[in-house]
Amino acid sequence: MMEDDDFEPEAIKRFMYVNRKAPYGTIYALESLETVLISAAFDQDVSVVFLDDGVFQLTKGQDTTGINMKNFSPTFRALEGYDVEKLYFEKESLEARGLTADDLVVEVEILSTDELREIMAAQDVVISA
Amino acid sequence: MMEDDDFEPEAIKRFMYVNRKAPYGTIYALESLETVLISAAFDQDVSVVFLDDGVFQLTKGQDTTGINMKNFSPTFRALEGYDVEKLYFEKESLEARGLTADDLVVEVEILSTDELREIMAAQDVVISA
Amino acid sequence: MKFGILVNEGPFTHQASDSAYQFAKAALEKGHEIMRVFFYHDGVNNANKLSEPQADDRNLVELWGKLGEEHGVDLVVCVAAALRRGIKDDILAPGFRISGLGQLIEAGIVSDRLVVFGD
Amino acid sequence: MKFGILVNEGPFTHQASDSAYQFAKAALEKGHEIMRVFFYHDGVNNANKLSEPQADDRNLVELWGKLGEEHGVDLVVCVAAALRRGIKDDILAPGFRISGLGQLIEAGIVSDRLVVFGD
Amino acid sequence: MLHTVNKSPLERNTLESCMRLAKAGSAILLIEDGVYGALRGTRAADAVAARMNDFKFYVLGPDVAARGLSEAPLIDGIEVVDYGGFVDLVAEHEAQQAWL
Amino acid sequence: MLHTVNKSPLERNTLESCMRLAKAGSAILLIEDGVYGALRGTRAADAVAARMNDFKFYVLGPDVAARGLSEAPLIDGIEVVDYGGFVDLVAEHEAQQAWL
């Protein structure tokens, strides 16, 4: 996958994946997660942010049998095994949606808008969908 | 186009096309207009509604050369020739966007939310995009 | 009752095609008739026979095609929208046909209800 | 400077592909390098060679292909997203190649800036 | 008229516009990402709760379940239907308007 | 950071979220349907005008012209750029974040 002559494995960059969209209504949540899984193989500094309706991606108890789509929420639990450990949620987004940490399938870091703002500003590559 | 056995040409229905989306950012405005043009051939009772960001579809002075897309706003002026004469704008949507009738490429009927609500409720077929 | 259905989005990216399919299936189970499903805008992508979802995912192109064949549902892809997006006879899935926008208007006239699914 | 570009939407339906193309053209005119354009989500539809817009409309599939050939821009279509949506070698336009998501990550690593266009 | 809304009211103005322009007595069915509008306790809930006397609200159960909200509290008076119920609603009303 | 916003603030929460999470001193470039956020006199204008000291706002001229807004009054202090200016902005900032 790394045929480019200019590729320098020692240059570690901060990659941030930003999720602002709800699951199932559109495919962005699922395909963005596929990117995160692949990125784990590249030894970069990866973080994944959930804000706005993106926080709905990790709600517990998703049952998609009635809509005949694949439930991909369990995959978030597998991220740790890929060494993707930095999952950030914006507190304000959760609160606006009546959600708390207890409603989510994995333990995540819940940050204030101020804290998240600093982290987002320090990224080298921001991939949103 | 009317091969269906059940087709009864005498049954005139009220068709309403609802435009809530801005032009160029997405194709819905253009392709919806194509539907309106075709519908004119079917001798139904056709009206076209513009509300929310849909009111931006008819702004004067659109110049798309810089984005290399087709400027379709002149086509709205041709609608009258197709006997599509009922173009309704919601006053509240225009005002929220700082627009007045003078900013639009054709003369349209500007209705209050209350007036538009009554017209919308009386439709047989509502096509939105 | 006789339904017509309009699908404005392609498979996968938006749920519109899924919702329309589930609606159509439920309507047929209740004994209603689906006289036509018209695919417009990106909806024309529902007719791309090359679509190959992962094994554990639903295949909307096939599902629509089967529904059409088993229940005599007329699956019409808009020719103008399809040309733009490169959906042509070469890759048209079984059960679909390509025709003009007049088929949508006709569905609105002939059916008791036209139900719209989009983004 | 070396740019990578990510295009998340297909041609026509959203302006994303147009904006990305205009950006790429302007960047090349200013002497920058576009090392890769990666097409993800519905962006894979930009590589459908059957696309046939009206005569007075822009043909984004051709425009991208030419840009790739004239300026050595690597046009990569995501294989997973493409399979789902039925974009395969049979209908792949000249100038594009199909490959994995790793090519997007690599573009992020190797380029000085990754610029994202979507809906 | 049966109005269907498929967008989250926390992201877009779709439900707001629907409630502004729907005639009192109309039915509003929340589907796809629109089901978030049925949740109690969100920033959008008050606007829906305030119109419970004007409209009959429905929400599509399979979309609620998919999003992990089967046990989440819904706004009082919103009725859950399945796809068959969706079909019935279309049949019972003279037309459908999709707010996209 | 260069933030790009391509959605109308009259339809979605995208620009609002961008302004909530962008760090003071960031640049915000309005493109595609995002250019409506640069208009004076809309219901969304005050929220943008209130942040002129925190951010440097730009708007993409070709998108403004396409939408018939070349002569419409823009919020004071917003700078119009072309695609070449867009490229310069990307080059001048360490990264781009697209708010979609």
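First the proteins, then the strands, lettered A, B, ... as listed; each starts at 1.
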field: Closest non-hydrogen atom pair between C:Ala80 and B:Glu34, with its separation
entry: CB-OE1, 4.4 Å
message: Quick check against the 3.5 Å criterion: does C:Asn8 have a side-chain atom that pairs as donor or acceptor with the backbone of B:Ser128?
response: yes
- request: Find out whether C:Leu104 and B:Ile38 are in side-chain contact, i.e. whether some heavy atom of one side chain is under 4.5 Å from a heavy atom of the other.
  value: no
query: Got a second to check how far B:Leu30's CG is from C:Arg84's CZ, nearest 0.5 Å?
result: 5.0 Å
query: Within the distance-only criterion (no hydrogens, no angle test), does the side chain of C:Tyr40 pair as donor or acceptor with the backbone N or O of B:Glu31 below 3.5 angstrom?
result: yes
query: What are the two closest non-hydrogen atoms of B:Phe15 and C:Ile105, and how far apart are they?
result: CZ-O, 3.6 Å
message: Just checking B:Glu80: does its CD atom have more than 12 heavy atoms from other residues, nucleotides or ligands closer to it than 6.0 angstrom?
response: no
task: Using a cut-off of 6.0 Å, state whether more than 12 heavy atoms not belonging to B:Lys91 lie near its atom NZ.
output: no
- request: Would you give the length of the straight line joining atom OG1 of B:Thr35 to atom NE2 of C:His41, rounded to the nearest 0.5 angstrom?
  value: 6.0 Å
- prompt: Can you say whether B:Thr26 sits under 4.5 Å from chain C via the side chain, the backbone, both, or neither, judging by heavy atoms?
  reply: neither
query: Can you find a heavy atom in the side chain of B:Ile127 that is under 4.5 Å from one in the side chain of C:Leu114?
result: yes
field: Atom group of C:Arg113 that falls short of 4.5 Å from chain B, counting heavy atoms
entry: neither
query: Above 12 or not: heavy atoms from other molecules or residues under 6.0 Å from NZ of C:Lys66?
result: no
Side chain, backbone, both or neither of C:Asp74 within contact of chain B (heavy atoms, under 4.5 Å): neither
- prompt: For chain B, which of C:Gly108, C:Gly118, C:Ser111 has the most heavy-atom pairs under 4.5 Å?
  reply: C:Gly108
query: OH of B:Tyr82: more than 12 outside heavy atoms within 6.0 angstrom?
result: no
